[in-house]
**Q** 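Take this structure, written in structure tokens, and hold onto it; I'll ask about it next.
All heavy atoms count here, side chains included; hydrogens, waters and symmetry mates do not.
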Amino acid sequence: MDNSQAAFDFYVSQGLQPHQAAGIVGNLQGESGQGLNPYAVAPGDGRDGSDSIGIGQWNGTRAQALKDYAAAKGVPWTDLNIQLDFLHNELKGSENSAYRQLLAAQTPEEASRAMLAYERPKDWNKPGSYGDRARYAAAVHARYGGGAAPSQPGAPLSLEPPQANQTAQPLNAQAAPPIFAPGAQAGVGALPAQQIAQPPPIFFAPRRAPDLSKLQAALAPGNRGFFYNKG
């Protein structure tokens with residue numbers, strides 16, 4: 001995320017409309033470049049000969065106010081977030097006149113014009129001045145979608161109880177491993193039925209035939225009395 005988008009998102013998070021946030025960012029780009037350089041310093045640029053510093057190119061007493069504000073927060077004045085916050089606090093306080101104009105703006109271009117009353121660059125109140133900042137504001141609004149909607153959360157897990165003919169599964173249940181046909185390998189389709197190796201036949205040892213010689217001898221003529229009584 002670049003500094004321009006970070007600034008845009010910050011002001012939207014503070015309750016400003018996307019086109020109003022774009023008006024702020026477009027003006028800041030006109031002050032410190034498209035990338036919003038928080039380290040920017042223009043030596044002797046102020047009307048009093050002081051340096052203009054930061055993304056808003058504050059100078060004189062306002063530059064000192066930024067440094068004091070950052071020191072009170074325990075961060076360097078070159079911190080991007082502290083500069084964004086300082087600007088917002090000025091709008092709600094000492095620069096409230098410009099803030100009211102910003103809140104009344106209906107387009108990025110109108111918001112950019114309102115912010116000129118905050119920045120007050122040379123000849124800022126001449127009609128048609130600083131039209132480039134209006135174009136920057138419109139581009140910021142278009143680029144960041146006028147405040148993109150938050151991403152949709154993932155679908156929640158179903159909390160409905162299982163149906164009567166279903167068995168509840170534990171949340172950490174592992175999926176059953178795939179079953180491959182005999183001869184098939186993982187990642188390879190099953191082999192045709194005729195190519196599937198068949199299990200070898202089972203062979204049993206031949207059973208010995210029983211010895212029937214004694215039985216045959218007992219049943220021979222003349223030996224039947226062994227089994228029957230004569231009448």
Side-chain angles (χ1 to χ4, degrees), residues 2-42 44-70 72-73 77-144 146-147:
D2 60 26
N3 288 351
S4 293
Q5 184 175 1
F8 177 86
D9 291 345
F10 173 81
Y11 292 118
V12 170
S13 75
Q14 297 302 306
L16 291 173
Q17 295 298 313
H19 68 276
Q20 295 163 348
I24 297 176
V25 177
N27 261 273
L28 292 176
Q29 288 178 336
E31 292 288 341
S32 57
Q34 294 292 306
L36 299 192
N37 179 13
Y39 294 88
V41 175
D45 184 62
R47 291 187 179 91
D48 59 355
S50 62
D51 297 344
S52 294
I53 63 174
I55 58 175
Q57 288 293 276
W58 296 279
N59 52 54
T61 58
R62 293 174 74 183
Q64 187 59 50
L66 166 62
K67 293 177 180 179
D68 294 342
Y69 187 79
K73 300 287 186 179
W77 69 264
T78 53
D79 182 84
L80 175 65
N81 290 327
I82 204 67
Q83 293 183 22
L84 295 173
D85 193 36
F86 175 74
L87 184 152
H88 194 226
N89 273 273
E90 275 202 320
L91 284 174
K92 294 186 295 182
S94 60
E95 299 295 328
N96 189 257
S97 175
Y99 193 43
R100 291 196 300 270
Q101 295 179 54
L102 177 67
L103 295 180
Q106 300 297 313
T107 66
E109 292 82 0
E110 289 181 5
S112 172
R113 171 57 61 180
M115 283 301 294
L116 285 177
Y118 168 85
E119 295 286 354
R120 295 188 292 279
K122 184 180 179 180
D123 298 328
W124 66 271
N125 52 358
K126 288 186 177 180
S129 61
Y130 297 95
D132 56 338
R133 299 191 183 194
R135 293 191 294 273
Y136 295 159
V140 167
H141 189 262
R143 181 175 183 181
Y144 303 125

**Q** Examine distances only and state if a side-chain atom of Gln57 and a backbone atom of Gly54 form a donor-acceptor pair shorter than 3.5 Å.
**A**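 Answer holds: yes.
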
**Q** Tell me whether Asp45 is salt-bridged to Lys122, with the criterion being a basic N under 4.0 Å from an acidic carboxylate O.
**A**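 Not counted as a salt bridge, because no side-chain N and carboxylate O are separated by less than 4.0 Å.
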
**Q** Which distance, rounded to the nearest 0.5 Å, do you find between the CG of Asp123 and the CG of Asn125?
**A**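 It is 7.5 Å, given to the nearest 0.5 Å.
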
**Q** Work out which heavy atom in Ala98 is nearest to a heavy atom in Ala114; give both atom names and the distance.
**A**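 Heavy atoms of Ala98 and Ala114 come nearest at CB-O, 4.0 Å.
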
**Q** Does the Asn96 side chain pair with the main chain of Tyr99, one donor and one acceptor, at a distance under 3.5 Å?
**A**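 Side chain of Asn96 to backbone of Tyr99: no pair is present.
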
**Q** Pairing donors with acceptors under 3.5 angstrom, does anything connect the side chains of Ser50 and Asp48?
**A**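 Yes, because at least one side-chain N or O of Ser50 sits under 3.5 Å from a partner of the opposite role on Asp48.
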
**Q** Please report whether the ring centroid of Trp58 lies less than 6.0 Å from that of Phe86.
**A**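 Yes.
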
**Q** Testing the basics here: between Ser112 and Ala137, what is the closest heavy-atom pair and its distance to 0.1 Å?
**A**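 Answer, listing the atom of Ser112 first, then Ala137: CB-CB, 4.0 Å.
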
**Q** Could you tell me whether Glu109 and Arg133 have a side-chain N and a carboxylate O separated by less than 4.0 Å?
**A**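 Between Arg133 and Glu109 there is no salt bridge, as every charged N stays at least 4.0 Å from the carboxylate O atoms.
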
**Q** CG/Asn81 to NZ/Lys73 distance, rounded to the nearest 0.5 angstrom?
**A**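 With rounding to 0.5 Å, CG (Asn81) is 12.0 Å from NZ (Lys73).
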
**Q** For the atom pair CD (Glu110) and CG (Leu102), what is the distance rounded to the nearest 0.5 Å?
**A**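 Going from the CD atom of Glu110 to the CG atom of Leu102 covers 11.0 Å.
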
**Q** Are Tyr11 and Gln20 close enough that some pair of their side-chain heavy atoms sits under 4.5 Å apart?
**A**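 No. Closest side-chain heavy atoms not under 4.5 Å.
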
**Q** Is there a side-chain contact between Leu28 and Leu87 in this structure, where contact means two heavy atoms from C-beta onward sitting under 4.5 Å apart?
**A**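 A side-chain contact exists here, since the closest heavy-atom pair is under 4.5 Å.
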
**Q** Side-chain contact, heavy-atom cut-off 4.5 Å: Ile55 with Leu80?
**A**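 Yes; the side chains approach each other to less than 4.5 Å.
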
**Q** Is there side-chain contact between Arg113 and Ser129, with heavy atoms separated by less than 4.5 Å?
**A**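 The answer is yes; the side chains approach within 4.5 Å.
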
**Q** Between Gln83 and Asp79, does any side-chain donor sit less than 3.5 Å from a side-chain acceptor?
**A**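 Gln83 vs Asp79: no donor-acceptor pair found between side chains.
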
**Q** Just verifying a value: how many Å separate Ser97 OG and Tyr118 OH, rounded to the nearest 0.5 Å?
**A**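 Going from OG on Ser97 over to OH on Tyr118, the span is 13.5 Å.
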
**Q** So which atom in Ala7 and which in Val25 form the shortest heavy-atom distance, rounded to 0.1 Å?
**A**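 Looking at all heavy atoms of both residues, the closest pair is CB-CG2, 3.9 Å.
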
**Q** Once the angle between the rings of His19 and His141 is folded into 0 to 90°, is it parallel (under 30°), tilted (30 to 60°) or perpendicular (over 60°)?
**A**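 Plane angle over 60°, so perpendicular.
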
**Q** Report yes if the side chains of Met115 and Gln101 come closer than 4.5 Å at any heavy-atom pair, otherwise no.
**A**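 No, side chains not in contact.
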
**Q** Within the side chain of Gln106, is there an N or O that forms a donor-acceptor pair under 3.5 Å with the backbone of Ala104?
**A**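 Pair found, side chain donor or acceptor close to backbone of Ala104.
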
**Q** Is it true that a side-chain atom of Arg62 and a backbone atom of Asn59 form a donor plus acceptor pair closer than 3.5 Å?
**A**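 Not a single qualifying donor-acceptor pair exists.
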
**Q** Is Asn27 close to Leu116 at the side-chain level, that is, under 4.5 Å between some pair of heavy atoms?
**A**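 They are in contact (side-chain heavy atoms under 4.5 Å apart), so the answer is yes.
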
**Q** Ignoring hydrogens, what is the shortest heavy-atom contact between Ala117 and Glu95? Give both atom names and the distance.
**A**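 Heavy-atom minimum between the residues: O-OE1, 4.1 Å.
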
**Q** With a 3.5 Å cut-off and sequence neighbours excluded, list the donor-acceptor pairs that the side chains of residues 33-42 form with protein atoms.
**A**
residue, atom, partner, partner atom, Å
Asn37, OD1, Tyr39, N, 2.9

**Q** Side chains of Lys67 and Ile53, heavy atoms from C-beta outward: is any pair under 4.5 Å?
**A**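 The answer is yes; the side chains approach within 4.5 Å.
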
**Q** Which value, rounded to the nearest 0.5 Å, describes the distance between Trp77 atom CH2 and Ile82 atom CD1?
**A**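 Taking CH2 in Trp77 and CD1 in Ile82, the distance rounds to 13.0 Å.
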
**Q** Does this structure show an ion pair linking Asp132 with Arg135, if we count only N-O contacts that are shorter than 4.0 Å?
**A**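 Looking at Asp132 and Arg135, the cut-off is not met.
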
**Q** Which distance, rounded to the nearest 0.5 Å, do you find between the CD of Glu119 and the OH of Tyr130?
**A**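 The OH atom of Tyr130 is 10.0 Å from CD of Glu119, to the nearest 0.5 Å.
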
**Q** Could you pull out the closest heavy-atom pair between Ala111 and Gly23, with the gap in Å?
**A**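 Result for this residue pair: CB-CA, 3.7 Å.
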
**Q** Side chains of Phe10 and Asp85: does their closest heavy-atom pair fall under 4.5 Å?
**A**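 A side-chain contact under 4.5 Å exists here.
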
